[in-house]
Asks: 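Sharing a structure here in structure tokens format.
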Number of protein chains: 2
Amino acid sequence: MSSAQSPARKQRADVVRNRAKILEVAQNHFFAGGVGTSLEAVAKDAGVGPGTLYRHFPNRDALLASVLELRRTDLVELGQRLGDLDDTGEALRQWLLAVEDYFSLYIGLSEPHLSAIREQDPNNPLARTCDDLISATSDFLLAAQRDGHAREGILGRDLFLAANSLAWMRSTGAVDEATTVRLRGVLENGYGI
Amino acid sequence: MSSAQSPARKQRADVVRNRAKILEVAQNHFFAGGVGTSLEAVAKDAGVGPGTLYRHFPNRDALLASVLELRRTDLVELGQRLGDLDDTGEALRQWLLAVEDYFSLYIGLSEPHLSAIREQDPNNPLARTCDDLISATSDFLLAAQRDGHAREGILGRDLFLAANSLAWMRSTGAVDEATTVRLRGVLENGYGI
DNA sequence: ACCTGAACACCGTTCAAGT
DNA sequence: ACCTGAACACCGTTCAAGT
């Protein structure tokens with residue numbers, strides 16, 4: 001049983017090194033400058049030509065997906081642990097918070113994911129993340145509905161989108177922590193009476 | 001009593017014509033290509049050099065604000081009419097819908113407005129729109145709270161941001177009408193029980 | 001097989017020269 | 001007073017030439 005990261009044929013050492021260096025530098029640039037940061041600058045900082053970056057990652061979303069891979073699997077694992085909670089309402093709440101944190105990692109991270117949802121293109125490297133997270137959100141919502149902790153007539157996809165839009169507001173920097181807390185409350189309890 | 005559009009000193013005819021033409025073309029480009037559309041292309045389509053566009057509108061947000069001016073005043077007027085409704089809960093709902101529609105006009109319109117909120121710069125040409133709309137939202141919310149149609153512990157600014165984020169999702173095209181309706185329901189009544 | 005970096009196309013923005 | 005458009009800086013992306 002071979003690991004997914006190490007293919008059968010051995011790779012040239014510089015290829016592995018370049019790829020790792022690009023990912024490391026890209027992570028820093030995404031964090032500092034947001035998702036729209038200059039890929040040319042990333043390549044230069046990583047000490048490779050732009051062609052090398054594009055060879056490894058054919059487009060921005062591919063690079064983004066690779067940079068996020070570790071965080072992504074962490075989130076999926078957290079979802080599995082939260083599935084064991086007895087209070088399914090609390091599990092749903094905590095899950096939505098985790099999704100929100102994930103999409104708040106870099107400025108503008110929500111947008112390419114919404115594009116992935118719109119395009120419905122399974123080749124979009126961010127599509128799998130969306131599919132997995134929407135699916136998990138559905139599970140949490142269904143469990144909460146079964147236990148009378150969530151209303152009917154809502155889809156997991158809806159709550160995924162809601163968490164996403166909270167992350168979008170947070171990452172723009174226009175919304176402080178207190179406002180985020182209130183907005184979460186509005187999502188959970190509504191503004192109406 | 002002179003109209004705001006016609007200053008005391010008469011302007012050269014070509015200046016007036018250029019400005020009007022730029023606004024007309026920009027509106028079409030914003031509609032077709034979103035807020036991030038190429039200003040160079042707008043200038044070319046309007047038959048002026050890029051310098052002329054920048055002379056009239058020093059930056060993208062200034063052009064955007066001018067293009068939206070008519071819609072903006074329409075929205076403010078609608079707010080005044082809605083203020084006469086007896087059912088303050090219904091007035092709040094309709095107002096939030098109108099705000100949502102406003103920010104759905106062009107793809108990406110929500111984002112520069114959130115930036116205006118973050119920057120807290122009164123010179124930002126979009127700041128006045130945000131201030132006015134937040135202020136109006138507060139009035140509607142307060143009235144609804146007084147009549148027992150809205151919960152306490154929420155700010156008008158919160159609901160303005162919520163409407164804005166709905167518009168953001170709509171304008172990305174990832175969210176269809178049915179989903180938008182459900183998300184509005186979540187905002188009003190919450191997903192929890 | 002992989003990398004390099006020049007090259008192309010495009011855009012935002014400024015400003016010297018025109019009228 | 002206003003307009004023009006060349007010019008500069010920057011970026012995404014490709015691809016012929018190298019190793």
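What you are looking at is a predicted structure, and each value in this text was computed from that prediction instead of being measured. Here is the naming used below: chain letters follow the sequence lines, and residue numbers restart at 1 for every chain.
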Asks: Nearest-Å distance, NZ (A/K44) to P (D/dC10)?
Replies: 9 Å
Asks: Let me spell it out: for each of A/G49 and B/A41, pick the nucleotide of DNA chain C with the closest heavy atom. Which residue's pick is nearer the 5' end?
Replies: A/G49
Asks: What nucleic acid atoms does A/N18 come within less than 4.0 Å of, heavy atoms only: base, sugar-phosphate, or nothing?
Replies: sugar-phosphate
Asks: Can you build the contact string for nucleotides 14-19 of chain C? Use B for base contact, S for sugar-phosphate-only contact, and - for no protein heavy atom under 4.0 Å.
Replies: BB----
Asks: Nearest whole angstrom, please: distance from the P of D/dC10 to the CD of B/E40.
Replies: 17 Å
Asks: Can you measure A/H56 atom NE2 to D/dG12 atom P for me and round it to whole angstrom units?
Replies: 18 Å
Asks: Between A/L166 and A/L187, is there a side-chain heavy-atom distance shorter than 4.5 Å?
Replies: yes
Asks: Can you tell which of C/dG12, D/dC3, D/dG12 lies closest to the side chain of B/V15?
Replies: D/dC3
Asks: Are B/R19 and B/S66 packed together at the side-chain level, in the sense that at least one heavy-atom pair is separated by less than 4.5 angstrom?
Replies: yes
Asks: Within this structure, what is the CG-to-C1' distance between B/L53 and C/dT13, rounded to whole angstrom?
Replies: 11 Å
Asks: Distance check needed: D/dC3 C1' versus B/R19 CZ, whole Å only.
Replies: 16 Å
Asks: Do you see a donor-acceptor pair shorter than 3.5 Å between the side chains of B/D101 and B/S104?
Replies: no
Asks: Could you tell me whether the side chain of B/L114 reaches within less than 4.5 Å of the side chain of A/W168, counting heavy atoms only?
Replies: yes
Asks: Does A/S38 put a side-chain nitrogen or oxygen below 4.0 Å from OP1 or OP2 of D/dG12?
Replies: yes
Asks: Spell out, as yes or no, whether a donor-acceptor pair under 3.5 Å connects the side chain of A/N28 to the backbone of A/V25.
Replies: no
Asks: Measure the distance from CZ on B/R55 to P on D/dA1 and round it to the nearest whole Å.
Replies: 10 Å
Asks: Can you check the B/I22 CD1 to D/dC2 P distance for me, whole Å?
Replies: 13 Å
Asks: So, do B/L39 and B/H29 sit near enough that their side-chain heavy atoms are less than 4.5 Å apart?
Replies: no
Asks: Give the rounded distance in Å between these two atoms: CZ of B/F57 and P of D/dC2.
Replies: 14 Å
Asks: Would you call the rings of B/F30 and B/Y106 parallel, tilted or perpendicular, taking 30° and 60° as the class edges?
Replies: tilted
Asks: Has A/D132 got a side-chain atom pairing as donor or acceptor with A/T129's backbone, closer than 3.5 angstrom?
Replies: no
Asks: Could you tell me if the side chain of B/H113 sits less than 4.5 Å from the side chain of B/I117, heavy atoms only?
Replies: no
Asks: If you write DNA chain C from 5' to 3' in dot-bracket form, with Watson-Crick or G-U pairs under 3.5 Å, [ ] for crossing pairs and | for pairs with another strand, what do you get?
Replies: ||.|||||...|||||.||
